[in-house]
Enquirer: 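Please see the structure below; I have some questions.
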Amino acid sequence: MKKTWWKEAVVYQIYARSFKDTSGDGIGDLNGVTEKLDYLQNMGIDIIWLCPMYKSPNVDNGYDVSDYRAIMDEMGTMEDFDRMLKEIHSRGMKLILDLVLNHTSDQHPWFHESKSSRDNPKRDWYVWRDKPTNWESIFGGPAWTFDPKTNQYYLHLYTKNQVDLNWENPEVRYELYDMIKWWIEKGVDGFRVDAINHLKKDYTDMPNPEGKNYVPAWEKMTNVEGLQDFLEEMRDEVFEKYDIVTVGEANSVKAHELSEWISEDEGKFDMIFHLEAHETWDTDKDADWNVGSLKEVLDRWQRSAHGIAWNSLYLENHDRPRTVSTWGDDQEFWQESATALACMYFLMQGTPFIYQGQEIGMTNVPFDDIKMFRDVETKNFYRYNRMHGVPHEELMETIKKISRDNARTPMQWNDRKNAGFSEGEPWISLNPNYKWLNVEAQEMDEQSILSFYKKMIFLRKSYKCLLYGETELAELDCPDVYAYTREFENQRIMVVSHLDSDECKWALRAKGQLLLSNYQHFEERKLQPFETRVYLLE
Ligand code: NOJ
């Protein structure tokens with residue numbers, strides 16, 4: 001495997017809207033990111049992935065771009081961006097941007113033109129039909145909206161304000177490629193590419209035996225035959241020409257398919273985010289979640305990638321609830337479970353990503369009222385299900401568990417006003433636990449989750465084995481223990497994470513030197529609730 005800078009890096013994802021507000025409008029901004037760079041550098045972060053900061057009406061918090069070459073007003077100016085980038089680079093760190101290529105905002109000038117008449121030269125930049133297919137949008141409701149002025153329907157896989165670009169049209173593709181090059185030439189170091197497996201569609205109806213108005217149509221819009229041709233062209237025309245890193249958001253991709261996505265020979269991206277591990281825990285099925293299914297998925301990905309590809313490792317992002325609340329225990333074993341989960345994923349082979357707040361164990365938010373939620377997906381979920389008669393209480397119970405807003409509350413910097421996030425009224429309420437759960441408190445505590453993350457990052461950088469070693473699952477008697485070894489050039493490291501709140505019998509059979517653990521006191525012959533240890537084996 002080739003050694004590259006991004007394989008040895010640790011990435012930190014910033015959802016800038018909720019990171020740090022310096023202007024007092026209650027919305028995080030680019031100057032806020034700049035202000036916190038020392039914090040990130042001190043933690044050992046090498047790359048920052050910044051969620052969309054482009055001009056946007058913010059129906060989906062920036063995933064609805066109205067100008068790809070401008071900064072949204074709430075986040076500052078292009079000068080702020082340039083200063084931030086310079087400050088990132090001067091610290092030896094890198095910046096990757098979020099590229100939203102499947103759709104634009106309905107406020108993008110291209111869509112204004114496209115919509116103005118049927119014979120506008122940009123009509124074909126989006127997808128227009130006299131008769132829509134029967135697809136449901138990913139965010140609920142129909143995937144097509146009627147435009148009375150020109151008497152046709154336009155396609156939107158997400159909200160009706162996120163209009164799908166027509167990737168079949170080479171003019172569209174090359175315009176996007178130019179835009180990407182423009183950012184690279186400005187100095188950015190790579191991209192996380194949004195919703196990448198929806199670029200190609202199969203425009204046929206779904207079977208609809210119940211005669212519904214619209215039906216889920218995942219297979220018509222995801223990984224459709226021909227998608228790889230688009231991705232290959234983008235790689236050859238843009239990505240391959242520069243020393244950048246690319247990560248595609250590729251849900252539904254399975255481990256046996258990873259070669260065409262990320263292998264050194266034929267991959268279109270350096271890494272992807274697959275969602276399979278997270279699919280082991282879904283919606284209201286959390287009772288079914290078990291460590292065994294997680295192990296099965298992650299181990300399959302580790303084995304499939306080894307020797308041919310390199311992939312991302314992640315626990316959290318802005319689209320998922322907090323893992324300490326879902327897979328861990330955010331009450332009695334908050335600290336232990338946040339650190340055990342961290343060790344479990346972070347020390348496998350791949351480039352680890354940390355989502356803001358994860359490093360201090362931020363938890364799901366106890367919003368009881370639907371009015372407190374801001375996320376368009378959550379609000380649509382509520383609206384459409386209420387229309388279909390699902391009781392309010394039932395919906396609220398699900399929403400509290402799965403809403404993306406769980407991960408979008410403001411970053412908790414300290415115990416003062418608005419957790420140090422903003423002097424103004426935050427755009428979304430804070431998690432009230434910021435009084436005790438915050439960066440400042442943890443920075444001073446050697447045993448904190450934050451200190452653990454720092455030690456773990458340092459460890460990963462100190463042992464080549466933790467970077468390039470092969471991962472092998474270690475089968476133990478305890479089903480709730482996730483244990484694996486990494487092996488490289490005569491070095492072997494073992495990572496053992498007990499992911500449950502009971503105790504289990506276990507003893508290290510080989511001789512080993514303890515490198516890291518999340519308990520101050522432990523016994524040789526058992527693992528305590530959510531205990532994790534890392535050993536260098538002799
Ligand atoms: C995936 C992004 O992560 C999510 O936040 C967004 O809503 C959709 N893609 C649509 O762009």
Side-chain angles (χ1 to χ4, degrees), residues 11-19 28 49-66 68 72 75 96-108 111 126-127 135-141 143 155-165 167 176 191-201 217-218 221-223 227 246-253 269 271-279 312 314-322 353-358 373-382 399 402-409 427-428:
V11 189
Y12 188 89
Q13 180 193 352
I14 296 186
Y15 198 69
R17 195 178 176 80
S18 298
F19 193 59
W49 150 25
L50 189 67
C51 283
M53 73 303 152
Y54 313 98
K55 202 166 192 56
S56 166
N58 282 307
V59 170
D60 189 15
N61 292 351
Y63 287 92
D64 48 324
V65 179
S66 58
Y68 287 104
M72 69 170 80
M75 288 210 189
I96 67 179
L97 299 184
D98 213 311
L99 267 183
V100 191
L101 303 177
N102 177 69
H103 44 269
T104 70
S105 159
D106 61 347
Q107 300 306 313
H108 197 294
F111 190 64
Y126 295 86
V127 185
W135 302 350
E136 183 178 61
S137 131
I138 295 171
F139 283 174
L155 177 70
H156 50 89
L157 298 195
Y158 294 92
T159 69
K160 67 178 194 306
N161 310 102
Q162 292 165 290
V163 196
D164 275 59
L165 283 160
W167 267 71
L176 292 171
F191 303 96
R192 175 267 191 184
V193 199
D194 185 65
I196 205 65
N197 46 7
H198 300 310
L199 301 181
K200 182 93 183 178
K201 283 92 174 172
W218 196 246
M221 45 175 84
T222 314
N223 300 334
L227 169 68
T246 58
V247 198
E249 187 207 21
N251 46 27
S252 297
V253 176
F269 298 96
M271 301 179 265
I272 52 170
F273 292 121
H274 72 81
L275 275 79
E276 230 192 316
H278 290 83
E279 283 161 6
S312 66
Y314 76 101
L315 264 193
E316 297 191 4
N317 62 35
H318 62 295
D319 289 335
R320 319 226 33 111
R322 295 288 188 178
F353 285 65
I354 300 170
Y355 175 64
Q356 70 184 43
Q358 179 187 323
F373 289 88
R374 298 284 174 268
D375 174 28
V376 66
E377 185 189 32
T378 303
K379 291 201 283 195
N380 279 2
F381 176 81
Y382 181 82
I399 284 173
I402 63 166
S403 173
R404 307 194 294 183
D405 281 341
N406 279 308
R408 297 178 178 186
T409 58
W427 69 278
I428 184 169

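Whatever order the structure lists them in is the order used to number ligands and atoms, beginning at 1.
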Enquirer: With sequence neighbours left out, what residues match K55 under side chain to side chain donor-acceptor pair (under 3.5 Å)?
Expert: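 In terms of side chain to side chain donor-acceptor pair (under 3.5 Å), with neighbours along the sequence ignored, K55 is linked to D73.
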Enquirer: Of all residues at least two apart in sequence or in a different chain, which pass the side chain to side chain contact (heavy atoms under 4.5 Å, CB included) check with Q107?
Expert: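 Side chain to side chain contact (heavy atoms under 4.5 Å, CB included) list for Q107, sorted by chain: P57, S66, S105, H112.
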Enquirer: Run Y314 and H278 through side-chain contact (heavy atoms from CB on, under 4.5 Å) and show every step you take.
Expert: CA-CA 10 Å; Y314 76 101; H278 290 83; 3.3 Å; yes
Enquirer: Side-chain contact, heavy-atom cut-off 4.5 Å: L165 with L101?
Expert: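 Heavy-atom side-chain distance check fails, nothing below 4.5 Å.
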Enquirer: Output all residues satisfying salt bridge (Lys or Arg N to Asp or Glu O under 4.0 Å) with K200, sequence neighbours left out; order by chain, then residue number.
Expert: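 So K200 forms a salt bridge (Lys or Arg N to Asp or Glu O under 4.0 Å) with E168.
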Enquirer: Given the ring of W427, does R17 sit roughly above its face, with NZ or CZ under 6.0 Å from the centre of the six-membered ring and within 45° of the axis?
Expert: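 Yes, cation above the ring, under 6.0 Å and within 45°.
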Enquirer: Can you give me a line-by-line list of nitrogen or oxygen pairs between ligand 1 and the protein shorter than 3.5 Å?
Expert:
unit_1: ligand 1; atom_1: 3 (O); unit_2: R192; atom_2: NH2; d: 3.0
unit_1: ligand 1; atom_1: 3 (O); unit_2: H318; atom_2: NE2; d: 2.8
unit_1: ligand 1; atom_1: 3 (O); unit_2: D319; atom_2: OD2; d: 2.5
unit_1: ligand 1; atom_1: 5 (O); unit_2: H318; atom_2: NE2; d: 3.1
unit_1: ligand 1; atom_1: 5 (O); unit_2: D319; atom_2: OD1; d: 2.8
unit_1: ligand 1; atom_1: 5 (O); unit_2: R404; atom_2: NH1; d: 3.3
unit_1: ligand 1; atom_1: 7 (O); unit_2: D60; atom_2: OD1; d: 3.4
unit_1: ligand 1; atom_1: 7 (O); unit_2: D60; atom_2: OD2; d: 2.5
unit_1: ligand 1; atom_1: 7 (O); unit_2: R404; atom_2: NH1; d: 3.0
unit_1: ligand 1; atom_1: 9 (N); unit_2: D194; atom_2: OD1; d: 2.8
unit_1: ligand 1; atom_1: 9 (N); unit_2: D194; atom_2: OD2; d: 3.3
unit_1: ligand 1; atom_1: 11 (O); unit_2: H103; atom_2: NE2; d: 3.0
unit_1: ligand 1; atom_1: 11 (O); unit_2: D194; atom_2: OD2; d: 2.7

